[in-house]
Each structure stands twice: as structure tokens, then as C-alpha cells.
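Take a look at the structure below.
Just so we're on the same page: letters track the sequence lines, and every chain starts at 1.
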Amino acid sequence: MSLSLYNTLSRRQEPFKPLEPGKVRMYYCGVTVYDYCHVGHGRACVVWDVVRRYLTWRGYEVRYVQNFTDIDDKILNRSRQEGTTMEAISERYIAAYFEDMARLNIKEADEYPRATHTLDGIKRLIHELETKGFAYPSAGDVYYSVRKFPDYGKLSGQKLDERRMGASGRVSENEEAQKQDPADFALWKSAKPGEPAWESPWGKGRPGWHIECSAMVRECFADSASNHLGETIDIHAGGNDLIFPHHENEIAQSEAVTGKPLAQYWLHNGMVNVNGEKMSKSLGNFTTIRQMLDAPNAPEPMAVRMFILQAHYRKPIDFTDDGIAAAQNGWNILKAGLLFGHEYGERLGWTGSIETQADAIAQFRTVMDDDFNTSSALAVLFGLAKQLERASNLLIHEGETGEPSDLLESQWLTLVELASVLGLEAQPEPEQVPSISDAEIETLVAQRTEAKKTKNFAEADRIRNDLQAQGIQLIDKPGGLTLWHRS
RNA sequence: GGCGGCAUAGCCAAGUGGUAAGGCAAGGGUCUGCAAAACCUUCACCCCCAGUUCGAGUCUGGGUGCCGCCUCCA
């Protein structure tokens, strides 16, 4: 029984073997910080967070690095619009990123390299590419010559001669004219007047987009102790919209210099769709994470996480209000299960020395080992949570569960452990000062019972509604007995 | 045009060739003055056609439909 994962590079599921036994080097191509993150970013972050958590739970020592692209045309445009600096914009949205992702319970990466902090490494890499003949200067810019790299296209399956070239409206004719081949891409762009710029052997300018990741992987995973120079990492992850050209170009840059694979496994998450179309800025069909979580009737963050994990990470998911609402209902069950021990553990005399359930854990592991089948993993969680929710209801309604206490404890411990691997966690709410005391409730319940005896149902229902409005649920039992609980 | 992916119940969604996980919603039953809550319970032959096989949702070929990338993008 071993972990296997789908590798975009081979288009196959492969057994996972890290370069160094027990250790995993993982890099996730993060976001360009020119705006708030939307649900699509949220999905990617959740998915890779789960992969990272799972590998850790599986016993690997994981080094997880995620970059921020903080040099970019869109950031620049925004800073001009607002009359401020590129740095001010990126700082703002990096701070927002951390706020949003903390709400989704994304664990922080081990390192967050930024383009602006990687300039030396970027320039060194460009220089090496130039020395080896893969890069050429042109009117102040420096370009990568894709024809010099025979493997170009191995990740995306693109063949240079079969692509539609020059169809881009975004690339200026000027830039197009400076390239030896339309598929060549910029490693370094010369500064236009008024733009932020860094000194370089090619004049003042700024790095192209793709080069930062190549440089960051190299720097963040350089480890002289283990004889690795950051040449090859185990897992390189990102959205499937990055396969081409971004990841293809990263490979071209890094492997041209090192002659070694940049990453063993290339993993790509599917997109979040809206009405069947990809959520994206350009289509204007995006919802930011904070919009979603701060809306009236907003779902709980954990419900959103569950919504994301109900589908396989490589498939597209459709973002709809109904889907989120359904996930919220489902989360309520998991949450009830996760809170069970906090609410009833003491009352049930739990000892804390119970073992988890090996069969559920084995099942969870089997499905997660199969390219992170979180959908099936959730089914394992629901199996446990449903039983705990039932037990919880029985305690409220019958005063007993009919189940052995240590079985429940074992189920609960298992649920909590496995859920946390998926980053699904529920905290007991702090005790609130009740708006109405137990004694008052008892009095009202007694009054209602009297009213019922005299068939004064209007009064009985009034009391019931009043209590309901205060969050007190009445439960009429056979024989005229009425139980109540705070919901 | 090139590359890749997807099509499973009302909705979402897993699925290793041997008679379809899970979630949501819905229905029925018990209980109730009515209700709520709770408990019990019901609910698919897998886009179409052909083929391989003792046996296919699961493999092969063809068809239809949808999506992504080829331009910034998680």
C-alpha cells in the first residue's frame, strides 16, 4: 500500500518516491498580489494545504514553499491608478491573503519567497542562461530562446510548430519584433520611464514572470548539507491554467541550466467554474473569499473547505449558492461529530486512553493514497460523524446513547484526527451568558404543560414560540413529558 | 487548428472488470393537540452506437455534448 499521485508530466498516476527518503520538497506557484483572492485561489490553497497536511500525517518531513509574485504589470497598473507604489499594493494584498487564508484554515507555508526579494538569484540565473546560450539580449530586454531547448513542450504536450503564434493582443508588436521566435519569452524587461526598476547587467529593468519561480525553487531548496542544490524538488504544484506557458517555461529555464529535472511530480488543480465557465478576473465572474465569507447568510469557512474537498482536486467544480448551501448542511453534521467529545466527553466519563479506529484510518489512508481522493475520504468522516451526531441526539432526546462510551470515544478521536488531516476543525463556542436561566425555562415549560392539560393550545404554543425565539428547543415526549435544550 | 480533460439519481459527487461510496434535497413511517426535534426507512442499471470479455459505469473504436490551455490567470 503506497501513495501514488497523478503526474502531469507523464499523464499517469505514479507511485510517490521522494528524492530523499522521508522528506518532501514541495513548491506551490502562488498568487500575484494585485487584488483580493477569489474562490478559485481559495480552492488551490485548500487543495495544496491538504496535500501538505496529508504528506505530513503520512510521516514525511515536508518543506512547503509558496511564492508571492510582487513584480507584475497588473500590480503596476493598480499602483498607477491609485497613485501609490507597487510595493504598497503588494503589501496590502499579501496582508489580505494571510487574513483570508487563515479563515480557511490554511496552514502557513515554511517560506514565502517574493520576486522583489529574489532579484540576485534571478539575475544569476539569467546570466547562466546567457552563458549557456539559451538567452539573448534584444533592445534592453533579455529573451529565452525556446528553440535551443529540445524538451520544450514536454509538460504541456505543445509542439512549437503547431501552436497558434502571434495571436496575442497583449504582447505588443514592439516586443514581438524583438523576439527571434514568437514563442520566446522575456527573462528580463527593460524599464520604461517611471517604472520601478532594478539594476542589472542588461540595464535597469525588471524580471519576467516565469524566471522568479525557477530562481525561488533553486534558492529555497538549496541545502548543502544533503548535497542538494535546489536543482530538483519532489512536487511542484499549481493551477492547471499554469501548465502552459508558465510551468513549461520554468522547466525550460531551470533544466537548461542544471541539466536535471526541476521537479519529479507536477501536480495541477482544476479550476473553479461559474455557470460552467472558469472563474476569472477577465470574465468578471469572480467572488472574492472575503465577499463570500462576509455575505449575509455566509457559509462557515469550514463549509467552504468541505465544498472544495467534496470534488477531486483535478476536476473542475462549479461554484453555486446551492452548492455552498448544501455543503453548509453537510458541514453541520461533521461539526456535530467533531464537537461531540467537547460536549459530552466528560459526562460520558471518557478516559483519554482510548485508541483510534484502525479500520477507518486504513480506509482513509487507502483512498487518500490514491491521488488524494478527498471525496471518498469525506465519506469515511461522515461514517463516523453520523454515528456521533446520532449519539448526540439520543443524549438530548433520550438521555442515553445506547452505545458503549469507549466506542464513541474511539470514533470521536478518529474523526478528529482524520478531519484535521483535511484541515476541517471545529472549536467549541465559548459559553455564552444565557438570556434566560434554567429555572425560568422550567417554570415556563411547566406553565405550558398546564396550558396543554386545559387544552389552552394558544397559550401553549405562545410559550413554545417565545422559547424558540430565545434558542430554546422544546421536545414533547410521549406521556406528556417535555424536554428542552439550548440550540 | 494543436494539446488535454469531462459526461454516473432532482442537485453535487466517488467508483480498483464481477450485479453502483458519500453529501444535499425529496418521500414514507413512529411520536404529537398541532408542530418541531428525534428515531426508523425509501430513492440510479451510469450520454449514444459498436466491439473485447463468461461478465463493462470501469477496457477499445466511433459519435454527440460540454470545459480548460494555446494571451495575464490558482
Side-chain angles (χ1 to χ4, degrees), chain A residues 8 11 28-32 34 37-48 69 72-74 153 155-171 183 209 237-246 248 268-273 276-283 286 306-307 310-312 314-318 320 322-331 333-334 363 366-367 370 373-383 385-386 389-390 392-394 396-398 402 452 455-457 460-461 464-465 468 473-480 483-485 487:
Chain A
T8 304
R11 306 225 169 93
Y28 160 44
C29 266
V31 295
T32 303
Y34 70 106
C37 288
H38 59 57
V39 179
H41 302 117
R43 181 195 194 181
C45 291
V46 165
V47 159
W48 304 122
T69 298
D72 174 84
D73 282 343
K74 291 187 290 294
L155 181 70
S156 60
Q158 300 286 333
K159 295 188 181 74
L160 277 173
D161 297 322
E162 289 172 357
R163 295 177 52 240
R164 284 185 176 176
M165 290 304 173
S168 166
R170 295 180 63 90
V171 179
W209 174 38
N240 68 13
D241 53 351
L242 296 183
I243 296 172
F244 192 92
H246 186 53
E248 195 71 71
H268 293 97
N269 64 277
M271 298 292 102
V272 171
N273 290 348
E277 283 184 318
K278 175 181 167 182
M279 178 181 286
S280 71
K281 295 277 179 186
S282 49
L283 286 170
F286 61 92
M306 208 195 80
F307 171 75
Q310 272 184 315
H312 186 83
R314 283 191 283 112
K315 285 196 173 180
I317 46 175
D318 219 46
T320 62
D322 285 353
I324 292 287
Q328 176 65 54
N329 289 339
W331 165 245
I333 292 171
L334 285 184
Q363 255 184 63
T366 300
V367 298
D370 184 11
N373 189 337
T374 52
S375 185
S376 294
L378 279 171
V380 176
L381 301 199
F382 271 101
K386 284 256 170 178
E389 193 211 19
R390 181 175 169 279
S392 169
N393 287 328
L394 288 171
I396 292 169
H397 288 261
E398 312 295 338
K452 279 170 68 178
K455 308 256 192 224
N456 186 354
F457 295 123
D461 290 349
R464 181 168 69 192
N465 291 338
Q468 175 90 47
Q473 167 109 47
L474 297 191
I475 303 159
D476 286 339
K477 304 278 294 176
L483 301 178
W484 60 271
H485 76 104
S487 53

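Between L334(A) and F382(A) the shortest side-chain heavy-atom distance falls below 4.5 Å. Residues K452(A) and D476(A) meet the side-chain proximity criterion, which asks for heavy atoms closer than 4.5 Å. Side-chain atoms of E398(A) and K477(A), non-hydrogen and from C-beta on, do get closer than 4.5 Å to each other.
The side chain of P478(A) approaches C31(B) more closely than any other nucleotide in the set C24(B), C31(B), A38(B). Closest contact between the side chain of A379(A) and the listed nucleotides G4(B), A74(B), A21(B) involves A21(B). If you check G33(B), C24(B), A14(B) against the side chain of F457(A), the one that comes closest is G33(B). The side chain of P245(A) lies closest to C72(B) when the candidates are A25(B), G22(B), C72(B). Checking G4(B), G33(B), C31(B) against the side-chain heavy atoms of K452(A) singles out G33(B) as nearest. Residue Q473(A) places its side chain closer to A37(B) than to any other of G2(B), C24(B), A37(B). Candidate nucleotides C69(B), A36(B), A13(B) were compared by shortest atom distance to the side chain of I475(A), and A36(B) ranks first. Residue M279(A) has its side chain nearest to A74(B) when only A74(B), A21(B), G4(B) are considered. Of the candidates G22(B), C40(B), C69(B), C40(B) carries the atom nearest the R390(A) side chain, counting heavy atoms from C-beta on.
Within the structure, a side-chain polar atom (N or O) of K278(A) is placed less than 4.0 Å from OP1 or OP2 of C69(B). For K315(A), no side-chain nitrogen or oxygen approaches OP1 or OP2 of G15(B) to under 4.0 Å. Applying the 4.0 Å criterion to OP1 and OP2 of G4(B), one finds that N240(A) has every side-chain N and O outside that range. Within the 4.0 Å cut-off from OP1 or OP2 of A74(B), at least one side-chain nitrogen or oxygen of H41(A) is found. For the pair N393(A) and C39(B), the criterion of a side-chain N or O lying under 4.0 Å from OP1 or OP2 is met. Distances shorter than 4.0 Å separate some side-chain N or O of N373(A) from OP1 or OP2 on G15(B). Contact annotation: K477(A) side-chain N/O to A37(B) OP1/OP2 distance is not under 4.0 Å.
For the pair F244(A) CZ and C70(B) P, the interatomic distance rounds to 8 Å; values are reported in whole Å. Rounded to whole Å, atom P of A38(B) lies 8 Å from atom NE2 of H485(A).
Look at the P atom in both G22(B) and C43(B): the space between them is 12 Å, to the nearest Å. Using C1' as the reference atom, C11(B) and C54(B) are 38 Å apart when rounded to the nearest Å.
We find the OG1-CG distance between T8(A) and N240(A) to be 8.0 Å, quoted to the nearest 0.5 Å. A distance of 8.0 Å separates CG of D370(A) from NE2 of H312(A), quoted to the nearest 0.5 Å.
Across all strands shown, G40(A) has heavy atoms under 4.0 Å from base atoms, whether or not it also approaches the sugar-phosphate. At a threshold of 4.0 angstrom between heavy atoms, the contacts of N269(A) include nucleobase atoms, whether or not backbone atoms are also involved.
Between the base of A36(B) and the side chain of R464(A) there is no donor-acceptor pair shorter than 3.5 Å. Interface remark: the D461(A) side chain does form a donor-acceptor pair with the G33(B) base, using a distance-only criterion of under 3.5 Å. Counting distance only, with no hydrogens placed and no angle test, the side-chain atoms of D476(A) and the base atoms of A35(B) include a donor-acceptor pair under 3.5 Å. Between the side chain of S375(A) and the base of A21(B) there is at least one donor-acceptor pair of N/O atoms closer than 3.5 Å.
Pairing for A74(B) is absent, judged as Watson-Crick or G-U wobble with the two contacts each under 3.5 Å.
L483(A) and I396(A) get closest at one heavy-atom pair: CD1-O, 3.6 Å.
Taking the nucleotide of RNA chain B with the nearest heavy atom to each of E389(A) and D241(A), the more 5' of the two is matched to E389(A). Annotation: of the two residues near RNA chain B, D72(A) and A325(A), the 5′-most nearest-nucleotide partner is A325(A).
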